[in-house]
2 protein chains.
Amino acid sequence: MVRTRVIPLAEQLLDTLGEQGYRSTSPRKAVTQAIAGKQGHFTAEQLRQQLPGVGRATIYRSLKLLVDSGALCRVLLEDGNLHYQLSHQGHHHHLLCVECGSSQDLLGCDIEDLLHQVSAAHRFQLSGHWLEVYGRCYDCLPKTATG
Amino acid sequence: MVRTRVIPLAEQLLDTLGEQGYRSTSPRKAVTQAIAGKQGHFTAEQLRQQLPGVGRATIYRSLKLLVDSGALCRVLLEDGNLHYQLSHQGHHHHLLCVECGSSQDLLGCDIEDLLHQVSAAHRFQLSGHWLEVYGRCYDCLPKTATG
DNA sequence: ACCATAATGATACCTAGTCTCGTTAATATC
DNA sequence: GATATTAACGAGACTAGGTATCATTATGGT
Ligand SMILES: [Mn+2]
Ligand SMILES: [Mn+2]
Ligand SMILES: [Zn+2]
Ligand SMILES: [Zn+2]
């Protein structure tokens, strides 16, 4: 009997679903394990190729559940492609490197406050927003001042 | 001979393309006229239905040219659908009403400054961003304090 | 008027995602 | 542990939105 290593985070994801009444099925175990092992953001298609035994509809259904539960966040790349990424906190945004594709969480940003202010000025009742920030991460900056 | 009314803005859009070396063709005239007559945002599909004589590829090609030239901006609705809208100024953002679908340009917003600050704090070289703001416009707010 | 070629539209194709529906398997109850 | 209920599954058809191909047409320069 092979002892498969269960990543704690995967169990946690599954538990989150369980608390919402969703059953703990083996496709969901496979999906949550695969996601828990991911470093950066990924597409549904990548996940699908990694889990050929799981049906396509199930992949998409699981992603939706995890996004709705807050465990995953959607990331819109500059090229328009939608990726997914583990969400370690609540609502937040990403600094996406157009060079290496890495993403950093945007921390200590009072964009919400700013949006509330300007919304009020426009007599607009703010209910949500979508923000993505593109550029180059530190590792991808040209290291010297001249080319 | 029918005298079709040419909307000045349509000519202006066509001129913009002309300055970039693109020919003034009749499909492009049809597209720019249709767009010039639009009030709010619209989808490629709506434009296509309005112009059954223009090929689908041409609709998309024209939209791309106009976005690239800065005459149109893309607007991402909360449901994920991509719309287009005349761009009266340079880079800017929209307050999108989830009730009536209207959009206001977000003015006097120093989000760029804020993003530069926080990017610098993350040692991130900012090159672009995408922001959409969702909520209710003044007309769609409940008019009284109680339900 | 003529020419080079940009632009077009019909069509096939593609990617990402949803829907349907008959089958399977997870949980609750006994 | 057996049974019943029904959530969840997967195969596959389908859809929306958009792109690639390519033979034909129309534009703008001379
Ligand atoms: Mn994140
Ligand atoms: Mn605008
Ligand atoms: Zn990078
Ligand atoms: Zn409204």
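Proteins come first, then strands; the chains are lettered A, B, ... in the order of their sequence lines, and each starts at number 1. Quantities reported herein were computed from a predicted structural model and do not represent experimental measurements.
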Please compare B:Pro27 and B:Tyr84 by the position of their nearest nucleotide in DNA chain D and report the one closer to 5'.
B:Tyr84
Whole angstrom value for the distance that separates [atom2] of [N] from [atom1] of [X]:
X       : N      : atom1 : atom2 : value
B:Leu17 : D:dT27 : CG    : P     : 15 Å
B:Tyr60 : D:dA20 : OH    : P     : 14 Å
A:Leu82 : D:dG17 : CG    : C1'   : 15 Å
B:Arg48 : D:dG18 : CZ    : P     : 11 Å
B:Lys29 : D:dT27 : NZ    : C1'   : 10 Å
B:Ile59 : D:dG18 : CD1   : C1'   : 13 Å
B:His83 : D:dA16 : NE2   : P     : 14 Å
A:Arg61 : D:dG12 : CZ    : C1'   : 12 Å

Between B:Arg28 and B:Arg23, the two heavy atoms sitting closest are NH1-O, 2.8 Å
Non-hydrogen atoms of A:Cys137 and A:Cys97 that approach each other most closely
N-SG, 3.4 Å
Does [X] reach a base, just sugar-phosphate, or nothing at all? Heavy atoms under 4.0 Å.
X       : result
B:Arg28 : sugar-phosphate
B:Gly18 : nothing
A:Thr43 : nothing
A:Gly80 : nothing

Identify the 5'-most and 3'-most nucleotides of DNA chain C with at least one atom closer than 4.0 Å to a non-hydrogen atom of chain A.
C:dA16 to C:dT27
Does the side chain of [X] reach to within under 4.5 Å of the side chain of [Y], using non-hydrogen atoms?
X        : Y        : answer
A:Glu132 : A:Glu78  : no
A:Val75  : A:Leu82  : no
B:Val133 : A:Phe124 : yes

Step through the shown structure and confirm whether more than 12 heavy atoms of other residues, nucleotides or ligands are within 6.0 Å of CD on A:Gln39.
no
Distance test, side-chain N/O of A:Thr58 to OP1/OP2 of D:dG10, below 4.0 Å
yes
The side chain of A:Arg23 lies closest to which of these nucleotides: D:dG18, D:dA8, D:dC9?
D:dA8
Check A:Leu65, A:Thr25, A:Leu51, A:Leu63 against A:Val31 for a side chain to side chain contact (heavy atoms under 4.5 Å, CB included) and give me the one that passes.
A:Leu51
On DNA chain C, more 5' by nearest nucleotide between B:Arg56 and B:Gly21 is B:Gly21
